[in-house]
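Working notes, beginning with the structure itself.
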Number of protein chains: 2
Amino acid sequence: MRAAANKHEQSALGQVLHERGRRMTRQRQAVFDAVVAAGGHPCADQVFARVRRQLPHVSLATVYNALEALVGCGQLAKIPRTDRGPARYDPRRDSHHHARCIACSKVWDIDDKAIAVRTVSTPRRFKPVGYKVEVLVECPADCPADARICVPTTGSKKT
Amino acid sequence: MRAAANKHEQSALGQVLHERGRRMTRQRQAVFDAVVAAGGHPCADQVFARVRRQLPHVSLATVYNALEALVGCGQLAKIPRTDRGPARYDPRRDSHHHARCIACSKVWDIDDKAIAVRTVSTPRRFKPVGYKVEVLVECPADCPADARICVPTTGSKKT
DNA sequence: ATCCTTGCAAAGCATTTGCAGTCAC
DNA sequence: GTGACTGCAAATGCTTTGCAAGGAT
């Protein structure tokens, strides 16, 4: 390897990885940075393309590996693949839900406060551990062409 | 072909198919019956196995085709594939949600009345068309070995 | 020095597609 | 009779795996 940043100053990322007995690598840092820089909910392919700009030799398998490692450490959330598209990765750490366009399958963040879920009753014998709420939406007309991300400032009480 | 039920009495199923310009076939009837008979949320493989008992020559592709046709006509609901398992098909027509075990990935019905979702605000620019609520649960200890289906009678007000 | 991680290629699973023959209408 | 549907096999999309070489601690 060339020279350069061989020493990974103990970033928050590296620390969390260590706590799990995993190692910090340039690839993993680049993958994490790429997800954040993508600005929305990139899929593995998009992360791959972005990481390659920085590390031209990474393989797709490494990107998958790194994404899984980061998800395993709670640094990324994984939005599972659907019929219409691959899994997507979300760098937001706070609790929130997602809206998904039924046409183009893109995902937007929805603040937790925007959705109220109340369990009236749960199936007996099962212990509920969480909710996954997906609001199905229709993008406006520009949806297929435009991947822009909308993180609404959900202060408004009613829309 | 042998003899037998060549005449498809205009079942509700056949009628709905016709309204969409699609045809009724033995395979499609068998696929629908198999999903119902499976009693829960079978995946394509399980439907395939069951249909083969009746029509030993059906191909998996036909099962997929038939499932898609039935979903397209609103006769079945599709629960999309996740990381841990294939798509599943649900013959229930009334509105309801699902619980999914985070360990074994199986799906149970939850009556609509058991979950209250309230939209406090929606992302601007998007038209919400529905919700998908998945309650993540932990099966009891018998979960990996047991595929039994639990459709709770959610009359109880609180569990 | 240890052994986790990488990169490549090949395998894997669930699902879809191409096409010739068949069947529902 | 016509066009949708079937069945087979091959292809696809996304993801995982096997393994030798490389790098982090």
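So that the names make sense, note that chain A is the first sequence line, chain B the second, and so on, each numbered from 1. In this text the structure is predicted, and so the values were computed from the model without any measurement.
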Between atom [atom1] in [X] and atom [atom2] in [N], what is the gap in whole Å?
X       : N      : atom1 : atom2 : answer
B:Gln54 : D:dT6  : CD    : C1'   : 16 Å
B:Gln29 : C:dA24 : CD    : P     : 13 Å
A:Leu60 : D:dC14 : CG    : P     : 10 Å
A:Met24 : D:dT25 : CE    : P     : 9 Å
A:Glu68 : C:dC4  : CD    : C1'   : 14 Å
B:Phe48 : D:dT6  : CZ    : C1'   : 13 Å
A:Leu17 : D:dT25 : CG    : C1'   : 13 Å
A:Arg88 : D:dT15 : CZ    : C1'   : 15 Å

In terms of heavy-atom contacts, B:Cys43 and B:Pro86 come closest through CB-CG, 3.6 Å
Could you pull out the closest heavy-atom pair between B:Leu55 and B:Gln27, with the gap in Å?
CD1-CA, 3.9 Å
D:dT6, OP1 or OP2 - any side-chain N/O from B:Asn65 closer than 4.0 Å?
yes
Could you tell me whether the phosphate oxygens of C:dT16, OP1 or OP2, come under 4.0 Å of any side-chain nitrogen or oxygen in B:Tyr64?
no
B:Met24 side, atom CE; B:Gln29 side, atom CD - distance, nearest 0.5 Å
3.5 Å
Please walk me through it: do A:Arg26 and A:Gln54 pass side-chain contact (heavy atoms from CB on, under 4.5 Å)?
CA-CA 10 Å; A:Arg26 268 171 308 144; A:Gln54 199 185 328; over 6 Å; no
Answer with base, sugar-phosphate or nothing: what part of the nucleic acid does A:Ala87 contact at a heavy-atom distance below 4.0 Å?
sugar-phosphate
Report all interatomic pairs (protein N or O, nucleotide N or O of nucleotides 2-4 of chain D) with separations under 3.5 Å.
unit_1: D:dG3; atom_1: N2; unit_2: B:Arg23; atom_2: NH1; d: 2.7
unit_1: D:dG3; atom_1: N3; unit_2: B:Arg23; atom_2: NH1; d: 3.3
unit_1: D:dA4; atom_1: O4'; unit_2: B:Arg23; atom_2: NH1; d: 3.2

Mind checking what makes side chain to side chain contact (heavy atoms under 4.5 Å, CB included) contact with A:Arg23, not counting sequence neighbours?
none
Candidates C:dT15, C:dA14, D:dC14 - which lies nearest the side chain of B:Asp45
C:dA14
Only counting residues at least two apart or in another chain, list the ones meeting side chain to side chain donor-acceptor pair (under 3.5 Å) with A:Asp45.
none
State, yes or no, whether a side-chain contact exists between A:His98 and A:Arg88 at a heavy-atom distance under 4.5 Å.
no
Hey, can you pull the donor-acceptor pairs under 3.5 Å for the side chains in residues 60-81 of chain B, sequence neighbours left out?
unit_1: B:Thr62; atom_1: OG1; unit_2: B:Ser59; atom_2: OG; d: 3.0
unit_1: B:Asn65; atom_1: OD1; unit_2: B:Arg28; atom_2: NH2; d: 3.2
unit_1: B:Lys78; atom_1: NZ; unit_2: A:Asp83; atom_2: OD2; d: 2.6

Partner of B:Val31 under side-chain contact (heavy atoms from CB on, under 4.5 Å), chosen from B:Val51, B:Val36, B:Val58:
B:Val51
Set out, line by line, the N/O atom pairs under 3.5 Å between protein and nucleotides 7-11 of chain D.
unit_1: D:dG7; atom_1: OP1; unit_2: B:Gln27; atom_2: NE2; d: 3.3
unit_1: D:dG7; atom_1: OP2; unit_2: B:Ser59; atom_2: N; d: 3.4
unit_1: D:dG7; atom_1: OP2; unit_2: B:Thr62; atom_2: OG1; d: 3.0

Angle separating the five-pair end axes of the helix from C:dA1-D:dT25 to C:dC25-D:dG1, nearest 10°, is 40°
Any chance you could lay out the side-chain contact (heavy atoms from CB on, under 4.5 Å) test for A:Asp109 and A:His41, step after step, and finish with the verdict?
CA-CA 9 Å; A:Asp109 287 327; A:His41 306 83; 2.7 Å; yes
